[in-house]
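The structure appears below as structure tokens.
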Amino acid sequence: MHIILMGPPGAGKGTQAALLAEQEQIPHISTGDIFRANMGQGTPLGKLAKQYVDAGKFVPDDVTNAMVKDRLAQDDCKKGFILDGYPRTADQAQALAGMLADLSLSLDGVVKIDVPDPLLVERAEGRRVCRNCGATYHVKFNPPAVPGVCDKCGGELYQRSDDTAEKLQVRLTEYHQQTAPVLEYYQSKGLVKTVDGDQPMASVTAAIKKAVAKV
Ligand code: AP5
Ligand code: ZN
């Protein structure tokens with residue numbers, strides 16, 4: 001399974017990618033997670049990304065493309081991958097096409113997880129992320145057994161700096177302006193499958209698997 005998950009901020013890309021990666025035993029590649037891990041460690045990439053991520057803006061294409069190129073070249077991507085949050089600009093889509101051609105890999109599908117904008121505010125404001133392992137929770141829709149503590153590793157849960165109603169509006173504007181052309185590009189290639197993201201998490205997973213199943 002070589003797929004891309006697309007959709008607005010908070011649609012459930014990360015949640016679904018994590019579930020699919022575990023079930024299919026393939027890597028989950030989230031550009032957002034890689035930026036946050038680097039920010040947490042204070043690396044040069046993290047310092048550069050922080051100013052954009054904190055503002056809800058996209059990190060420059062050249063930085064993002066180079067990072068994904070390195071990751072896709074690793075051996076574990078040959079049997080499959082789930083790209084989460086990349087590509088999200090026309091330039092990134094073009095760069096990805098070149099990377100896949102170089103690696104002799106092709107895409108099985110681009111899944112658009114559809115969730116109406118008004119529902120995204122509650123999803124973002126209630127999201128909590130593990131500082132240690134990156135697992136995602138929601139205070140209402142997917143709460144941990146003990147508030148503030150990760151079920152998987154016991155790590156501390158925190159709220160992302162960009163998960164405020166105000167920052168979400170900036171991220172949504174970026175999404176509608178810059179990522180809509182990427183979806184159109186994949187649509188013209190007949191690759192886009194749209195899945196309803198406003199249903200229980202397990203139902204969304206089943207719908208994605210059905211949408212990208214090879215006939
Ligand atoms: P990134 O981390 O990719 O953020 P995003 O695209 O805004 O997406 P989110 O992580 O907010 O949402 P998601 O769709 O993964 O939802 P989740 O599963 O967590 O990127 C962050 C930043 O990094 C960007 O703003 C940018 O600065 C930078 N960046 C990243 N990629 C880049 C790129 N390619 N180019 C340039 N810059 C880039 O779910 C949300 C919440 O809802 C959770 O709490 C979850 O538990 C809950 N939930 C999930 N599914 C359901 C459901 N079915 N029902 C109820 N609740 C649900
Ligand atoms: Zn954890």
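Atoms within each ligand, like the ligands themselves, are counted from 1 in listed order. What you are looking at is a predicted structure, and each value in this text was computed from that prediction instead of being measured. Values reported hereafter were calculated over all heavy atoms of this structure, with side chains retained and with hydrogens, waters and symmetry mates removed.
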Problem set entry | Option from Arg123, Arg36, Arg171 for which salt bridge (Lys or Arg N to Asp or Glu O under 4.0 Å) with Asp163 holds | Arg171
For this session: Check whether Leu191 and Tyr86 end up in the same hydrophobic cluster, where Ile, Leu, Val, Met, Phe, Trp and Tyr are linked by side-chain heavy atoms less than 4.5 Å apart.
Result: yes
For this session: May I ask you to identify the nearest protein heavy atom to atom 46 (O) of ligand 1, giving residue, atom name and distance to one decimal place in Å?
Result: His138 CB, 3.5 Å
For this session: Look only at interatomic distance and state if Asp163 has a nitrogen or oxygen under 3.5 Å from any nitrogen or oxygen of ligand 1.
Result: no
For this session: May I ask you to check whether Gly126 has an N/O atom sitting below 3.5 Å from an N/O atom of ligand 1?
Result: no
Exercise. What part of Thr64, side chain, backbone, both or neither, has a heavy atom within less than 4.0 angstrom of ligand 1?
Worked result: side chain
Exercise. Who gets closest to atom 9 (P) of ligand 1 by heavy atom: Arg127, Lys57, Met67?
Worked result: Arg127
For this session: Say whether Asp54 and Ser161, considering side chains only, have a donor N or O and an acceptor N or O under 3.5 Å apart.
Result: yes
Problem set entry | Gln92 (side chain) donor-acceptor with Arg88 (main chain) under 3.5 angstrom | yes
Exercise. Tyr86 to ligand 1: N or O pair under 3.5 Å?
Worked result: no
Problem set entry | Atom indices of ligand 1 within 4.0 angstrom of Gly197 heavy atoms, with elements | 53 (N)
Exercise. Hey, which protein N/O/S atoms does the Zn ion (ligand 2) have under 2.8 Å?
Worked result: Cys130 SG, Cys133 SG, Cys150 SG, Cys153 SG
For this session: Would you check if the side chain of Lys79 reaches a backbone N or O of Gln25 as a donor-acceptor pair within less than 3.5 Å?
Result: yes
Exercise. Do side-chain atoms of Asp108 reach the backbone of His2 as a donor and acceptor pair under 3.5 angstrom?
Worked result: yes
For this session: Output yes when the distance from some N or O of ligand 1 to some N or O of Thr31 is under 3.5 Å, and no in every other case.
Result: yes
For this session: Take every heavy atom of Glu174, measure it against each atom of ligand 1, and state whether any distance is under 4.0 Å.
Result: no
Exercise. Is the shortest heavy-atom distance from the side chain of Leu48 to the side chain of Asn38 under 4.5 Å?
Worked result: no
For this session: Identify the two heavy atoms, one from Gly14 and one from His28, that lie closest to each other, and give their separation to 0.1 Å.
Result: O-CE1, 3.8 Å
Problem set entry | Close N or O approach (Asp84, ligand 1; < 3.5 Å) | no
Problem set entry | Atom pair CZ (Arg128) and OG1 (Thr136), whose distance is rounded to the nearest 0.5 Å | 12.0 Å
Exercise. For ligand 1, is Ser30 a contact, meaning one of its heavy atoms is under 4.0 Å away?
Worked result: no
Exercise. Under 3.5 Å between some N or O of ligand 1 and some N or O of Val204?
Worked result: no
For this session: Provide the closest heavy-atom pair for Lys13 versus Met6 in the form atom of the first, atom of the second, distance.
Result: CD-C, 3.8 Å
Exercise. How far is atom 18 (O) of ligand 1 from its nearest protein heavy atom, and which residue and atom is that?
Worked result: Thr15 OG1, 2.5 Å
Exercise. Ignoring hydrogens and geometry, is there a side-chain-to-backbone donor-acceptor pair from Gln16 to Met201 under 3.5 Å?
Worked result: yes
For this session: Below 4.0 angstrom from a heavy atom of Gln92, which ligand 1 atoms are there? Numbered from 1 as shown, please.
Result: 33 (C), 34 (N), 35 (N), 36 (C)
Exercise. Which ligand 1 atoms are under 4.0 Å away from a heavy-atom of Ala11?
Worked result: 14 (O), 16 (O)
Exercise. Got a donor-acceptor contact below 3.5 angstrom from the Lys69 side chain to the Met99 backbone?
Worked result: no
For this session: Would you check whether Arg128 reaches within less than 4.0 Å of ligand 1, judged by its heavy atoms?
Result: no
Problem set entry | Which atom of Val182 lies closest to which atom of Ala93, heavy atoms considered | CG1-CB, 4.1 Å
Exercise. Quick one: nearest non-hydrogen protein atom to atom 3 (O) of ligand 1, plus distance?
Worked result: Arg88 NH2, 2.6 Å
Exercise. So, is Gly56 polar-close to ligand 1, with some N/O to N/O distance under 3.5 Å?
Worked result: no
Exercise. More than 12 foreign heavy atoms under 6.0 Å from CD of Glu22: is that the case here?
Worked result: no
Exercise. Is there a nitrogen or oxygen of Gly10 sitting under 3.5 Å from a nitrogen or oxygen of ligand 1?
Worked result: yes
Problem set entry | Closest non-hydrogen atom pair between Ala211 and Val195, with its separation | CB-CG2, 4.2 Å
For this session: Tell me which protein heavy atom sits closest to atom 16 (O) of ligand 1, plus the residue, atom name and distance to 0.1 Å.
Result: Gly12 N, 3.2 Å
Exercise. Does Gly7 come within less than 4.0 angstrom of ligand 1, counting non-hydrogen atoms of the residue?
Worked result: no
Seminar exercise, completed: of all protein heavy atoms, closest to atom 15 (O) of ligand 1 is Gly14 N, 2.8 Å
Exercise. Hey, mind stepping through Cys77 and Ile29 against side-chain contact (heavy atoms from CB on, under 4.5 Å) and telling me if it holds?
Worked result: CA-CA 10 Å; Cys77 293; Ile29 304 172; 3.8 Å; yes
Problem set entry | Separation between CG of Leu100 and CG of Leu83, rounded to the nearest 0.5 Å | 7.5 Å
Exercise. Does ligand 1 have any atom sitting under 4.0 Å from a heavy atom of Lys140?
Worked result: no
Exercise. Can you name the nearest heavy-atom pair linking Ile34 to Met67, along with the distance?
Worked result: CG2-SD, 3.7 Å
Exercise. With Glu122, which of His138, Lys140, Arg127 fulfils side chain to side chain donor-acceptor pair (under 3.5 Å)?
Worked result: Lys140
Problem set entry | Leu96 CG to Thr64 OG1 distance, which is reported to the nearest 0.5 Å | 12.5 Å
Exercise. Is any N or O atom of Arg171, backbone or side chain, closer than 3.5 Å to an N or O atom of ligand 1?
Worked result: yes
Exercise. Which ligand 1 atoms are under 4.0 Å away from a heavy-atom of Arg36?
Worked result: 2 (O), 21 (C)
Exercise. Would you find a donor on one side and an acceptor on the other, under 3.5 Å apart, between the side chain of Gln159 and the backbone of Glu125?
Worked result: yes
Exercise. Any idea which protein heavy atom is nearest atom 38 (C) of ligand 1, and the distance to it?
Worked result: Phe35 CE1, 3.7 Å
Exercise. What is the nearest protein non-hydrogen atom to atom 57 (C) of ligand 1, stated with its residue, atom name and distance?
Worked result: Met201 CE, 3.4 Å
Exercise. If you measure from each non-hydrogen atom of Lys167 to ligand 1, which part falls under 4.0 Å: side chain, backbone, both or neither?
Worked result: neither
For this session: Starting from atom 37 (N) of ligand 1, locate the nearest protein heavy atom and write down its residue, its atom name and how far away it is, to 0.1 Å.
Result: Val59 N, 3.0 Å
Exercise. Side chain, backbone, both or neither: which part of Tyr137 comes within less than 4.0 Å of ligand 1 when only heavy atoms are counted?
Worked result: backbone
For this session: Say whether Phe141, considering both its backbone and side-chain N or O atoms, lies within less than 3.5 Å of an N or O atom on ligand 1.
Result: no
Exercise. Got a sec: does the CD of Gln74 have more than 12 other heavy atoms crowding it under 6.0 Å?
Worked result: yes
Seminar exercise, completed: Closest to atom 51 (C) of ligand 1 (heavy atoms only, candidates Gln51, Gln16, Arg123) is Arg123
